[in-house]
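Working notes, beginning with the structure itself.
So you know, we letter chains A, B, ... as the sequences are listed, proteins then strands, and number each from 1. Computed from a predicted model, the values in this text were never measured in an experiment.
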Amino acid sequence: MRIGELSERTGTPRRMLRYYEEQGLLVPGRSANGYREYDERCVDRVLQIRGLLDSGLPTRVIKQVLPCLNQPRAIHVAGATPETIALLERERDRMTQRIECLVRSRDAISGYVEAVRRAGGPGTGEAAGTPALHAPAALHAPPAVPEPAPAYDLAVSA
DNA sequence: ATTCTAACA
DNA sequence: TGTTAGTA
């Protein structure tokens, strides 16, 4: 498939697709006309990249780690250098902190929404209930699922 | 019609 | 990021 289709199927702007390639995250083939040619695997690949990006990993880390996270890790044992492992551990800890931050933010919002509701605020008795604050999105399947970026403005000062 | 590269604000 | 230009 060409960039347009991949773009639609992953909800990723073409711009970003080219950018990922520039960063060495994606390596599409080229057809005679010079157009990028992507295979089916790229769909999950892009979703995975976006998930990692949304998790706060810089592209250079993703580039280094994507091969390991993917298929037969037996083949990528080479990349499992102690240094890389340490890097991954740092990133994992960062994610943990981020998760904690997200939880606080979500609870803060939840608390507010429910307070408004109890106070008989707008939307009470009306048609729509709260438009699902936590989307039932299939969380982190094999291909990392992009989660909406947190509004750090809302983070509770804890 | 679609994509490509490069570049500027 | 939006956008434009000049191609193939």
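Apart from A/I99 itself, the hydrophobic cluster it occupies contains A/V103, where clustering links Ile, Leu, Val, Met, Phe, Trp and Tyr at side-chain heavy-atom distances under 4.5 Å.
Of the candidate nucleotides B/dT2, C/dT1, B/dC4, B/dC4 has the atom lying nearest to any side-chain atom of A/R18.
Checked by atom type, the side-chain pair A/T12/A/R50 shows a donor-acceptor distance below 3.5 Å.
The OG atom of A/S110 sits 10.0 Å away from the CZ atom of A/R117 when rounded to the nearest 0.5 Å.
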Pairs under 3.5 angstrom only: tabulate donor-acceptor contacts from the side chains of residues 13-25 of chain A to other protein residues two or more places apart or in another chain.
unit_1: A/E21; atom_1: OE1; unit_2: A/R36; atom_2: NH1; d: 2.5
unit_1: A/E21; atom_1: OE2; unit_2: A/R30; atom_2: NH2; d: 3.4
unit_1: A/Q23; atom_1: OE1; unit_2: A/T59; atom_2: OG1; d: 3.4

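A/R2 has its CZ atom 9 Å from the P atom of B/dC4, to the nearest Å. Regarding A/E8, its CD atom lies at a distance of 9 Å from the P atom of B/dT2, rounded to whole Å. Rounded to whole Å, the distance from CD on A/E21 to P on B/dT3 is 14 Å. If you take CD of A/E37 and P of B/dT2, they are 15 Å apart, rounded to a whole angstrom. Summarising the geometry, the separation between CZ on A/R30 and C1' on B/dC4 is reported as 7 Å, rounded to the nearest angstrom.
Here A/N33 pairs with A/S31 under the side chain to side chain donor-acceptor pair (under 3.5 Å) rule; sequence neighbours left out. A/R60 meets the side chain to side chain donor-acceptor pair (under 3.5 Å) test with no other residue; sequence neighbours excluded.
No donor-acceptor pair closer than 3.5 Å links the side chain of A/E37 to the backbone N or O of A/P28.
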With the sugar-phosphate defined as primed atoms, P, OP1 and OP2, and the base as all remaining atoms, what B/S/- string results for nucleotides 3-8 of chain C, 5' to 3', for protein heavy atoms under 4.0 Å?
B----B
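Between A/R9 and A/E40 there is a salt bridge, with a side-chain nitrogen of the basic residue lying less than 4.0 Å from a carboxylate oxygen of the acidic one.
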Give DNA chain B the dot-bracket treatment, 5' to 3': Watson-Crick (N1-N3 with N6-O4 or O6-N4) or G-U (N1-O2, O6-N3) under 3.5 Å, [ ] crossing, | other strand.
.|.||||||
